[in-house]
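One structure below.
Throughout, numbering of the chain's residues begins at 1 and tracks the sequence.
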Amino acid sequence: MLSEPLVQLNYASINLLEDPDFRKRVIAWLSRTERQRLKQFRQPQQADQYLLARAMLRYQLSQKHPDILPQQWQFEVDAQGKPQLTPLFSHLNIHFNFSHSEDMVALAISDGVVVGADIEADTRPVFNMALAQRYFADSEIHWLQSLPVEQQLPGIVQLWTLKESYLKAEGLGLRVPLRKLVFSFSGARVLSLELSSDWDDIKGFKKTDFCALYRLGTNYSLALTVKADCRISESDVKVEQWCGLRQDIQHQYCQLLRTTSVEN
């Protein structure tokens with residue numbers, strides 16, 4: 001077990017941006033390219049998701065490295081369009097990944113290990129049994145159908161977030177058949193993952209890979225995947241709500257539901 005958290009998982013509400021002083025301050029942290037991108041969003045919610053994600057990222061990076069101000073961090077995009085730090089900061093070996101859904105934004109930052117994060121709201125109409133039957137494995141559909149009706153929708157969202165977080169950690173996004181990535185729940189908090197043997201695009205699940213599923217508030221699922229060479233556990237992940245620059249924000253409870261077993 002590591003003495004310091006290997007991964008930091010933060011979440012925040014775009015409602016933080018209702019404070020005009022806070023909004024003005026974090027916009028000032030953005031690069032010229034980021035400010036131009038922010039102006040291109042036609043939907044206010046999408047603009048706020050983008051702004052809050054980058055503000056939280058810059059803030060948390062400076063918390064890890066106080067000698068670098070939030071506005072001094074520089075980013076580029078890789079061949080898949082994924083943001084990353086420029087070579088100027090490559091010696092820090094920092095990896096990050098963020099996700100957003102409705103009014104929530106999630107951010108995973110790690111030291112030296114690849115991470116993938118996904119957050120989804122149960123209220124999105126796209127999540128239904130038709131989607132599950134199209135994208136999920138037979139065993140996952142059987143598990144969903146065994147649940148009480150009121151638990152099936154959260155179950156669909158939980159499986160989706162787990163799959164997407166794992167594929168984001170692999171750098172694949174949703175360009176692969178999701179039914180070949182099979183999650184199963186057993187015991188009180190145990191999460192298992194199996195990969196199809198004919199899936200050439202993926203590196204494979206190692207014993208040191210770590211997946212975790214969280215319940216955020218009343219209607220969000222949050223998933224984290226860590227691709228590591230060392231064995232880690234839930235104690236190596238620090239989960240915390242980001243309150244911006246204020247401390248009087250109402251806390252949004254985040255509950256750990258399941259993690260991959262160390263015996264996997």
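Using cut-offs of 30° and 60° on the angle between ring planes, the pair F136 and W160 is tilted.
In this structure, CD in Q252 is found 7.5 Å from CG in D103, a value given to the nearest 0.5 Å. Remark: I156 CD1 to I141 CD1 distance equals 9.5 Å, nearest 0.5 Å. Residue I109 holds its CD1 atom at 12.0 Å from NE2 of H95, rounded to the nearest 0.5 Å. Annotation: the span from L16 atom CG to R23 atom CZ amounts to 11.5 Å, rounded to 0.5 Å. Put simply, CG on L224 and OH on Y214 are 5.5 Å apart, with the number rounded to the nearest 0.5 Å. For the atom pair CG (L213) and OG (S165), the distance works out to 8.5 Å, reported to the nearest 0.5 Å.
With a 4.5 Å cut-off on side-chain heavy atoms, K227 and Y166 count as touching. In this structure the side chain of R189 reaches within 4.5 angstrom of the side chain of E234, judged on heavy atoms. Counting heavy atoms from C-beta outward, D236 and S233 have side chains that approach closer than 4.5 Å. Side-chain contact between Y220 and C254 is absent, with no heavy-atom pair separated by less than 4.5 Å. Inter-residue side-chain proximity for D209 and T225 is flagged as unmet; no heavy-atom pair is nearer than 4.5 Å. Proximity of I94 to H65: side-chain heavy atoms (C-beta onward) are separated by under 4.5 Å at one or more points. Residues E164 and S99 fail the side-chain proximity criterion, which asks for heavy atoms closer than 4.5 Å. Side-chain contact check for R54 versus F98: some heavy-atom pair is nearer than 4.5 Å.
Using a 4.5 Å cut-off between side-chain heavy atoms of Ile, Leu, Val, Met, Phe, Trp and Tyr, with links allowed through other members, L162 and V126 fall into the same hydrophobic cluster. Linking Ile, Leu, Val, Met, Phe, Trp and Tyr whenever their side-chain heavy atoms come within less than 4.5 Å leaves V114 and V226 in two separate clusters. Hydrophobic clustering (ILVMFWY, side-chain heavy atoms < 4.5 Å, transitive): L57 and L38 are in one cluster. Grouping the Ile, Leu, Val, Met, Phe, Trp and Tyr side chains by contacts below 4.5 angstrom, directly or via other members, places L69 apart from W242.
Side chain of R58 to main chain of W73: a donor-acceptor pair is present (N/O by atom type, distance under 3.5 Å, no hydrogens or angles). S110 places no side-chain N or O within 3.5 Å of a backbone atom of V7 that could act as its donor or acceptor partner. Listed for the T161 side chain is no donor-acceptor partner under 3.5 Å among the backbone atoms of L222. Panel note: side chain S101, backbone A121; a donor-acceptor pair is recorded below 3.5 Å. A donor-acceptor pair is defined here as one N or O able to donate and one able to accept, closer than 3.5 Å; no such pair exists between the side chain of D118 and the backbone of A223. Using modelled atom types, one side-chain atom of Q152 and one backbone atom of L147 make a donor-acceptor pair closer than 3.5 Å.
By the 4.0 Å N-to-carboxylate-O rule, D122 lies close enough to R215 to be salt-bridged with it.
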Report task. Apply side chain to side chain contact (heavy atoms under 4.5 Å, CB included) to the pair F89 and I68, showing each step before the final yes or no. Result -> CA-CA 10 Å; F89 302 99; I68 304 175; 3.8 Å; yes
Query raised in the report: Taking it one step at a time, do L245 and V26 satisfy side chain to side chain contact (heavy atoms under 4.5 Å, CB included)?
Result: CA-CA 10 Å; L245 306 179; V26 297; 5.6 Å; no
**Report entry** From CA spacing to verdict: side chain to side chain contact (heavy atoms under 4.5 Å, CB included), T259, L191
**Finding:** CA-CA 5 Å; T259 66; L191 177 66; 5.7 Å; no
Query raised in the report: So H100 and Y50, side chain to side chain contact (heavy atoms under 4.5 Å, CB included) or not? Walk me through it.
Result: CA-CA 9 Å; H100 49 71; Y50 178 88; over 6 Å; no
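Of all heavy-atom pairs between P87 and S90, the closest is O-OG, 2.9 Å. When all heavy atoms of A132 and L144 are compared, the pair lying nearest together is CB-CD1, 3.8 Å. In this structure, A55 and W29 approach most closely via the heavy-atom pair O-CZ3, 3.6 Å. Heavy-atom minimum distance, L153 versus F127: CD1-O, 3.3 Å. Nearest approach of Q158 to S221, heavy atoms of both residues: CG-OG, 3.5 Å. Here the closest heavy-atom approach between residue R258 and residue V190 is recorded as NH1-O, 2.9 Å.
With a 6.0 Å radius and a threshold of 12 heavy atoms from other residues, nucleotides or ligands, R35 has its CZ atom above the threshold.
In this model, no donor atom of one side chain and acceptor atom of the other lie less than 3.5 Å apart for T33 and S31.
Applying the salt bridge (charged side-chain N to carboxylate O under 4.0 Å, His left out) rule to pairs touching residues 63-87 yields K64-D111, sequence neighbours excluded. Screening residues 125-145 for side chain to side chain donor-acceptor pair (under 3.5 Å) gives E140-K163 as the qualifying pairs, with residues at least two apart or on separate chains.
Evaluation of the salt bridge (charged side-chain N to carboxylate O under 4.0 Å, His left out) rule for R124 yields E120 as partners, not counting sequence neighbours.
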